[in-house]
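Okay, structure first, notes after.
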Amino acid sequence: MSVRADVETFRSIPIFSGCDPVHLQLLAFSAQRHPFAAGETLLKQGIKSSAAFLVLSGRAELLSDDAPIGSAGPGAMLGEVAMIADLPSNITARASEPLQASRIDRSLFMRLASEYPEFGATVFAALARKLDGAIADLSGLRPAFDQSRGFRGLRSS
């Protein structure tokens with residue numbers, strides 16, 4: 001794959017969709033391609049990662065508390081929020097088949113955001129919209145919780 005193709009893949013990711021193509025070229029050119037064998041772990045839940053991964057080919061199984069919750073294929077960005085915020089990953093991502101990913105180091109991302117403030121502002125605005133959407137989704141569930149019976153009084157068998 002070429003840098004140009006990688007830029008288009010980055011542009012398809014919501015947090016990068018509004019970024020200047022020049023900044024995405026810098027990101028794509030500087031990111032490292034990393035192959036993963038089937039069964040190899042990209043991210044481990046509860047562990048900080050210094051990188052996020054853009055899946056270029058192959059599939060990854062996504063797990064939470066060791067239970068499958070989905071999968072990710074080409075064009076999926078894994079670990080971007082944890083990488084940017086320097087937090088532990090909230091999922092485990094494991095290659096379910098041979099996988100090729102673009103590895104974006106936190107230091108690279110932060111350097112780009114520092115040297116090109118408009119890039120950082122665009123990405124952080126997209127992350128804020130993502131967070132706002134998640135909060136709205138949770139708020140929509142509140143009436144169901146308010147109307148439900150509490151957990152008190154439930155007995156385990």
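Heavy-atom basis, side chains included; hydrogens, waters and symmetry copies ignored.
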* Tell me, which pairs form a ring pair (Phe, Tyr, Trp, His ring centres under 6.0 Å) where one or both residues lie in residues 74-114, sequence neighbours left out? ->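 Those involving residues 74-114 are Phe109-Phe119.
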* How are the rings of Tyr116 and His23 set relative to one another: parallel (under 30°), tilted (30 to 60°) or perpendicular (over 60°)? ->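 Aromatic pair Tyr116/His23 classed tilted.
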* **Within residues 77-104 or reaching into it, pairs that qualify as salt bridge (Lys or Arg N to Asp or Glu O under 4.0 Å) - sequence neighbours excluded** =>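 Those involving residues 77-104 are Lys48-Asp86, Glu61-Arg94, Glu80-Lys130, Arg103-Asp105.
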State, to 0.1 Å, how close [X] and [Y] come at their nearest heavy-atom pair, and which atoms those are.
X	Y	answer
Pro143	Ser139	CD-O, 3.6 Å
Ala95	Ala37	CB-O, 3.4 Å
Ile104	Ala31	CG1-CB, 4.2 Å
Ala28	Val7	CB-CG2, 4.0 Å
Gly120	Ala113	CA-CB, 3.8 Å
Asp65	Gln45	N-OE1, 2.6 Å

When hydrophobic residues are tied together by side-chain contacts of less than 4.5 Å, even through go-betweens, does [X] share a cluster with [Y]?
X	Y	result
Leu131	Ile15	no
Leu56	Phe29	yes
Met110	Ile13	yes

* **Within-4.5 Å side-chain heavy-atom neighbours: Ile84 and Val123** =>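 The answer is yes; the side chains approach within 4.5 Å.
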* Any side-chain heavy-atom pair from Ser64 and Asn90 closer than 4.5 angstrom? ->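 Not touching, per the 4.5 Å side-chain cut-off.
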With a cutoff of under 4.5 Å between side-chain heavy atoms, which Ile, Leu, Val, Met, Phe, Trp and Tyr residues group with [X]?
X	answer
Val22	none
Leu87	none
Phe53	Phe36, Leu42, Leu43, Val55, Leu62, Ile69, Leu78, Ile91, Leu99

* Check the surroundings of atom CG in Asp137: do more than 12 heavy atoms from other residues, nucleotides or ligands lie under 6.0 Å from it? =>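 Check passes, neighbour count above 12.
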Could you tell me the separation between the [atom1] atom of [X] and the [atom2] atom of [Y], rounded to the nearest 0.5 Å?
X	Y	atom1	atom2	answer
Ser57	Gln100	OG	CD	5.5 Å
Phe10	Cys19	CZ	SG	10.5 Å
Lys44	Leu63	NZ	CG	8.5 Å

* With no hydrogens and no angle check, is any side-chain donor or acceptor of Ser17 less than 3.5 Å from a backbone partner on Pro14? ->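 Confirmed, Ser17 side chain pairs with Pro14 backbone.
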* **Side-chain donor-acceptor contact under 3.5 Å, Ser71 with Arg59** =>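 Per modelled atom types, Ser71 and Arg59 side chains form a pair under 3.5 Å.
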* Test side chain to side chain donor-acceptor pair (under 3.5 Å) applied to Arg11 - qualifying residues, sequence neighbours left out ->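 In terms of side chain to side chain donor-acceptor pair (under 3.5 Å), with neighbours along the sequence ignored, Arg11 is linked to no residue.
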